[in-house]
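Every chain is numbered from 1 and lettered A, B, ... according to where its sequence line falls, protein lines coming before strand lines. All figures in this text were calculated on a predicted structure; none of them were measured in a lab.
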2 protein chains.
Amino acid sequence: MAFTDASLVALRVFREVAERGTLTAAATALGYTQSAVSRQIAALERAAGVELLERRHDGVRLTTAGRLVLRRAAVVVDEIDAGTRELAGLPDDESTVRLGWFATAGAWLVPRALMALGRTHPSITVITREGSTPALVRALRAGTLDVALIASAPPFRAPDDETPALEVDTLVERSLRVAVPAVHPLARNDYIDVEDLRGQRWISGPGDPWVMGVWPGLGERPVVAHTARDWLAKLQLVAAGFGITTIPASLVAVAPAGVRVLPVRGGPAEQRRVLLARLPGPVPEPVARLAAALRAVVVETE
Amino acid sequence: MAFTDASLVALRVFREVAERGTLTAAATALGYTQSAVSRQIAALERAAGVELLERRHDGVRLTTAGRLVLRRAAVVVDEIDAGTRELAGLPDDESTVRLGWFATAGAWLVPRALMALGRTHPSITVITREGSTPALVRALRAGTLDVALIASAPPFRAPDDETPALEVDTLVERSLRVAVPAVHPLARNDYIDVEDLRGQRWISGPGDPWVMGVWPGLGERPVVAHTARDWLAKLQLVAAGFGITTIPASLVAVAPAGVRVLPVRGGPAEQRRVLLARLPGPVPEPVARLAAALRAVVVETE
DNA sequence: TGAAGGCCATGACATCTCCGCATACCTGGA
DNA sequence: TCCAGGTATGCGGAGATGTCATGGCCTTCA
């Protein structure tokens, strides 16, 4: 048994696992049982003669050998898929870009950029997908995305520490702001003093409230009145006066009526970056066009 | 069932079939039965939804779809093999060149070039294989050879008519000569008149005697006393006085004692070319070095 | 501290795939 | 007409690959 005896199915499954970070998730994505995926991976590892995955309590991570195999698997699977299209007489998808984005980018940046790109380069097809930073990074490494918009907060670490390092480009850096109800006392000024944020009722995202939704560094356990993943929901909750929340400056333009978005003074600067990440290597022309469109939107919203 | 469901084994088998030109030959090369190969190909065709091979009485030929699939299969199989080496911790075989050659080139050109290359570029490994022109061309197309030495006779047609056309480079063009026993009456002069070739006893290669071994265009049924595939055998037969044979000028240097190699005057010029062929695309540096070494040998033997 | 819920591995079993063997079939050449 | 060289195919056994059900491990939360 050698790596030569690996099966295409196993390679496909492996790529999916690498992208999802979990055997179970990969299984449901592929319409398999978790058991089947487990066995496929086991078979692939037997063929490779090495552990490809590091099992952890919350899923799996690629080992060094796993990353090697992933690169090969991505090429192989892509080649097979390209052959499939070719046999079907479909055009080469050279003009299709697969873009991933973090939730916030979907509210303004992505649609604007796609509109602009559609006007200037109607021949470019863009397929997009929302995802968390780890999910997007995994998808880039698995070759399932060409490019991804990623959010980054201080201390602005690289999205992952694998090799080869992703090529990361800062699209924009802005200060974090706070969204308050228009009728809220804090809405009277054109800015908010950081001290006034203490004791407020917060609307945060799901999970760790410090991660998203609550002003960082307040040092107190925040009062989280509501949690919501969706920006529209959050902002409507704010508009209705149920609390306040942090918001990136880029969403100012789409804040609904009844919401004021204000900068915060005092305390350390809370910068947020929007990154454009992709695997190192030559940049296909459609990808460059899309990147340019994204940059243009950022600049004109400046 | 879609091309997506093709199996790696099937792709490997298919490449071998494309290279050998015969299911049976591919089977023995792979250690399979002909039956297994036939089924694998059938399965691949079912997956592709198209006939990949045109069945002929003397073997198979690739259809248009077959050529498409072959290109993909070569990439995929190479990728898997590269992954295998990588996992085994072996170095990337970037510095290995796979060279194919026709029988005559093995007597002088290939060993000389390898010696020279070994002196100037000891880090380059060359793996070689002898084969007929069709076999070499198929191997190039299957991605099993990087470059091949091919013999060519008038009217100097391209080695095949598939697309993309092979990149062919004429290494040398020389006139065909005749090897006669040193004691033969024809050996008295420094050349032979074409008329004197009539009625001679010939030592030809196997198969059609006009193809190799007998002077072309004599218009008579030649008297073939012996047939031999091997140059050493042929030349020793000549030396022993059992007949005469045609010989490319490049072998003059290795003709044994008792044999004279003479040019022929009169009649149309019988030119023979040695070609260097490879798939179109970028030329890896080691391949370029090898080509240079081959050219150098040709020039210095001029 | 115990229950729940996320993850992965694995034994049991049904099914399908794939190979070798033997054989049938086709075609061109002696 | 027979032979030689090719490919296709029915048959049976071995192995690969799914599902189901279960078990173990870890973290979280009440």
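When the side-chain nitrogen and oxygen atoms of B:Ser38 are compared with OP1 and OP2 of D:dT7, none of them lie within a distance under 4.0 Å.
Heavy atoms of B:Val60 sit under 4.0 angstrom from primed sugar atoms or phosphate atoms, though from no base atom. Contact annotation for A:Val9: backbone-only contact, meaning every heavy-atom pair under 4.0 Å involves sugar-phosphate atoms and none involves a base. Residue B:Gly21 is classed as having no contact, given no heavy-atom separation below 4.0 Å to the nucleic acid. Nucleic acid contact class of A:Ser35 (heavy atoms, under 4.0 Å, all strands): base. A:Arg55 comes within 4.0 angstrom of sugar-phosphate atoms only, judged by non-hydrogen atoms across all strands, and of no base. Residue contacts for A:Thr22: at a heavy-atom cut-off of 4.0 Å it reaches the sugar-phosphate backbone alone, with no base atom in range.
Rounded to whole Å, atom C1' of C:dC7 lies 9 Å from atom NE2 of A:His57. The CG-P distance, from B:Leu8 to D:dA16, rounds to 15 Å in whole Å. Rounded to an integer number of Å, the gap from B:Arg46 CZ to C:dC16 P is 14 Å. For A:Gln34 and C:dT10, the CD to P distance is 11 Å, given to the nearest whole Å. When rounded to the nearest whole Å, the span between CG of B:Leu44 and P of C:dT17 equals 15 Å. Atoms CG (A:Leu53) and P (C:dC8) sit 9 Å apart, rounded to a whole Å. Atom pair A:Glu54:CD and C:dA9:P shows a separation of 13 Å (rounding to whole Å applied). Rounded to whole Å, atom P of C:dC19 lies 12 Å from atom CG of A:Asp5.
Contact check on B:Arg67 versus A:Glu86 returns no salt bridge, with no Lys/Arg side-chain nitrogen under 4.0 Å from an Asp/Glu carboxylate oxygen. Between B:Arg12 and B:Asp81 there is a salt bridge, since at least one side-chain N of the basic residue sits less than 4.0 Å from a carboxylate O of the acidic one. Classification of A:Glu79 and B:Arg72 as a salt-bridged pair holds, one side-chain N sitting under 4.0 Å from a carboxylate O. A salt bridge is absent between B:Glu19 and B:Arg15; no separation between the charged side-chain nitrogens and carboxylate oxygens falls under 4.0 Å.
When distances are taken from the side chain of B:Tyr32 to each of D:dG6, C:dC19, C:dC7, the shortest belongs to C:dC19. The side chain of B:Gln40 has C:dC18 as its nearest neighbour among D:dT19, D:dG6, C:dC18. For A:Leu23, the side-chain atoms get nearest to C:dA9 when compared with the rest of C:dA9, D:dT19, D:dG6.
Side-chain N/O atoms of B:Arg39 and base N/O atoms of D:dG10 include a donor-acceptor pair closer than 3.5 Å.
A:Thr63 places a side-chain N or O within 3.5 Å of a backbone atom of A:Glu51 that can act as its donor or acceptor partner.
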